[in-house]
There are 2 protein chains.
Amino acid sequence: MAATMKDLARHTGLGLATISSYFNGGNVREKNRIKIEQAIEELHYEVNEVARGLKTNATHTIGVVIPELNNTFCTEIITGMEDILRSRGYATIVCDCRTDAALEQEAIEFLTRKRVDGIINMPVDPAGSGLREFSKAGKPVILLDRRIQGLDCDCVLVDNRRAVNEAASLLFAQGHRNIGIISGPREIYTASERLKGYADAHKEAGIPVQESLICQGDYTIRGGVSGMISLIRRNPHMTAVIATNYEMTVGMMIAVNELGIRIPDELSLIGFDNLEFARACCPALSIVSQPTMEMAKETASLMLARLGVEGEASSGPEVKYLRTRLIGGRSVSGPLPGAEERKAVGGL
Amino acid sequence: MAATMKDLARHTGLGLATISSYFNGGNVREKNRIKIEQAIEELHYEVNEVARGLKTNATHTIGVVIPELNNTFCTEIITGMEDILRSRGYATIVCDCRTDAALEQEAIEFLTRKRVDGIINMPVDPAGSGLREFSKAGKPVILLDRRIQGLDCDCVLVDNRRAVNEAASLLFAQGHRNIGIISGPREIYTASERLKGYADAHKEAGIPVQESLICQGDYTIRGGVSGMISLIRRNPHMTAVIATNYEMTVGMMIAVNELGIRIPDELSLIGFDNLEFARACCPALSIVSQPTMEMAKETASLMLARLGVEGEASSGPEVKYLRTRLIGGRSVSGPLPGAEERKAVGGL
DNA sequence: TATCAAAACCGAAACGTTTCGGTTTTAGAA
DNA sequence: TTCTAAAACCGAAACGTTTCGGTTTTGATA
């Protein structure tokens with residue numbers, strides 16, 4: 001049915017190798033180039049990427065494994081990456097592993113069978129067992145947002161520790177002393193980093209961390225709701241709360257709404273991610289905003305470099321650290337009565 | 001490097017055809033089956049899907065083209081589809097076309113070059129020009145959420161007309177008489193259907209439609225904000241507003257927050273999609289909820305049937321119509337039916 | 001034990017590319 | 001015009017499958 005290079009060769013009277021050379025940037029005489037292009041037009045020829053893939057052992061496809069597709073943080077990054085990769089001829093196969101390490105492993109095996117040229121992973125399994133195998137085959141792996149102990153490959157990370165430190169420091173500066181935090185699962189890299197930032201801020205402010213103000217959430221909306229409720233129940237003196245990812249931020253807002261708590265009069269809040277959501281909250285929520293577009297760009301560039309498409313790939317693994325921004329809303333109360341002198345906190 | 005079927009043949013002393021037959025469900029004698037499986041184990045053999053694809057002319061890959069990845073309605077559906085398709089061995093390549101018909105066309109061409117076995121499309125271009133070509137090649141196309149005039153292929157739709165009719169009727173029943181609507185772009189199928197539902201409800205209630213209460217939005221957050229503001233400015237007597245997609249619902253909430261309007265005392269609201277967002281709003285928003293999971297399931301099943309993987313494919317094009325649900329919050333003045341449903345969902 | 005259909009097996013030829021050596025053509029210098 | 005290095009070109013052999021005819025083996029029956 002569809003025309004092949006053989007047809008082009010016959011039609012133009014040229015050899016198969018010449019046709020191939022034409023498509024692969026080799027040297028072809030002007031008049032032959034014209035002949036070939038004419039033939040392509042007439043026969044509606046289109047190169048068969050599958051056949052090419054068989055020969056070159058490259059599929060021009062890259063796999064992306066993430067914990068949840070239904071998560072703006074993930075989709076914002078994927079949108080950006082997909083855009084860049086597609087413009088370079090690479091297709092993106094996205095696998096949602098439902099935050100389940102076993103499914104993640106399966107997804108990686110699936111992608112390996114599909115012979116993707118590289119994998120980008122926001123890992124759920126802290127061991128990263130599936131990736132090692134893939135990586136051993138000499139194919140590039142890039143970790144997104146979370147590190148894996150003992151797997152040295154390229155990483156694109158966010159300075160989560162500093163991010164939460166900044167958020168908590170802002171609250172201290174506003175006079176808060178009992179700041180709750182809805183933290184994430186201990187075993188997840190970002191969650192533990194964020195909790196460290198919370199501790200850092202306390203240290204810097206010279207205020208001891210109280211265990212009862214730390215609530216171990218699970219990065220879900222439901223977890224955010226129950227986490228918020230238990231924080232409030234356990235800590236009558238608490239005047240502010242930080243939620244450490246988007247889902248739990250939504251959960252926190254749900255809880256606050258259902259309990260009828262007035263923000264920021266009764267409680268100050270700082271959330272995470274999704275500026276649009278923050279602005280739609282009542283009152284507008286102050287949040288830590290992650291640089292999703294830059295993450296996408298860095299990740300895609302790193303991948304393209306590793307694939308030898310463009311840019312230089314460094315010999316060793318590369319780690320990119322990106323910074324977050326604290327975006328002010330109306331959910332943090334001004335200096336509380338009795339607060340010490342306020343510190344200058346970057347133009348918020 | 002990697003073992004091939006030839007290696008298996010040599011290792012087992014069997015013929016190539018027998019090995020192939022083993023993998024394709026043909027008859028193989030017990031003792032040979034064991035021999036083959038042992039060889040697979042020893043040589044770590046894995047079938048090369050690319051080579052197989054060249055021979056069978058099938059890539060076991062399906063393309064999905066959507067207007068925005070960064071859109072819960074889309075991602076919820078994709079999550080469900082990807083799950084089902086992957087479990088049947090099909091990879092999903094998602095292309096985000098940024099709500100741009102030209103980019104959509106490009107995405108479809110890209111997928112055609114990648115030789116996907118089928119395309120699922122939530123179309124932006126009402127002409128669907130790119131799809132016709134693909135469809136003519138005998139490969140299945142399934143339209144999601146929106147119809148294309150004159151392209152008769154399988155569709156999975158939602159009864160949008162009835163959905164908005166129900167929403168408006170509810171408002172009428174609560175005594176509202178001046179109901180604003182933030183509508184979508186006229187050329188988009190769902191938008192025009194939703195507007196029809198709005199008109200239907202007026203007809204049924206015997207109340208004439210007022211042009212000034214209809215605001216033509218563009219399905220974006222920004223459009224929702226400005227649409228809401230202009231509606232309020234133009235209609236002092238308006239007591240309720242319906243936003244007709246998720247983004248504009250968010251926009252509507254932003255506007256309401258920034259203008260300091262009290263809900264539902266000064267204005268009643270009904271939004272669209274994303275139950276979680278609705279519950280996080282203050283007060284909880286009443287919304288029209290679309291059956292994204294069913295849409296995903298129907299679409300994937302339809303595709304698998306067309307691909308001959310499972311289920312029966314009907315000869316003619318199939319159109320699935322699914323129903324929405326109206327989920328009550330606290331954003332509509334007066335008592336709202338369906339309160340017990342909200343409780344059930346609210347059992348977080 | 002001989003017979004015979006069915007079951008199991010086999011090798012070779014595709015599928016549509018790229019690539020490897022080797023041959024021809026080109027065009028500038030002598 | 002002749003010579004020569006470089007530039008273009010060429011066909012055949014892969015890449016790892018599936019499939020097509022045709023051959024062998026099997027085991028139930030006579």
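Since the model is a prediction, treat every value here as computed from it, not as a measurement. Basis for what follows: all heavy atoms, side chains included, without hydrogens, waters or symmetry-related copies. Numbers restart at 1 for each chain; the letters A, B, ... are given by sequence-line order, proteins then strands.
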When you measure from the side-chain N and O atoms of [X] to the phosphate of [N], is any distance below 4.0 Å, counting only OP1 and OP2?
X       : N      : result
A:Thr18 : D:dA8  : no
B:Asn57 : C:dC15 : no
A:Asn27 : D:dA7  : no

Relative to the 5' end of DNA chain C, which residue comes earlier, A:Arg29 or A:Phe23, by the nucleotide with the nearest heavy atom?
A:Phe23

Closest nucleotide among [options] to the [X] side chain:
X       : options                : value
B:Thr56 : C:dT18, D:dC10, D:dT18 : D:dT18
B:Lys6  : D:dT17, C:dC10, D:dA8  : D:dT17
B:Asn48 : C:dC15, C:dC10, D:dT17 : D:dT17
B:Ser20 : D:dT19, C:dT25, C:dA8  : D:dT19

How is [X] classified with respect to the nucleic acid when contacts are heavy atoms under 4.0 Å: base, sugar-phosphate, or nothing?
X       : value
B:Tyr45 : sugar-phosphate
B:Val28 : sugar-phosphate
B:Thr4  : sugar-phosphate

Give a yes-or-no answer on whether the side chains of A:Gln149 and A:Tyr189 include a donor-acceptor pair shorter than 3.5 Å.
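No, A:Tyr189 and A:Gln149 have no side-chain donor paired with an acceptor closer than 3.5 Å.
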
Ignoring hydrogens and angles, state whether a donor on the side chain of A:Thr59 or A:Asp117 is under 3.5 Å from an acceptor on the partner side chain.
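Checked: A:Thr59/A:Asp117 side chains pair up, N/O donor to acceptor below 3.5 Å.
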
Could you list the residues that satisfy ring pair (Phe, Tyr, Trp, His ring centres under 6.0 Å) with A:Tyr321, not counting sequence neighbours?
none

List for me each residue that meets ring pair (Phe, Tyr, Trp, His ring centres under 6.0 Å) alongside A:His11, sequence neighbours excluded, and say none if there are none.
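Result, ring pair (Phe, Tyr, Trp, His ring centres under 6.0 Å) vs A:His11: none returned.
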
For residues 35-43 of chain B, which residues have at least one heavy atom under 4.0 Å from DNA chain C?
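Nucleic-acid contacts, sorted: none.
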
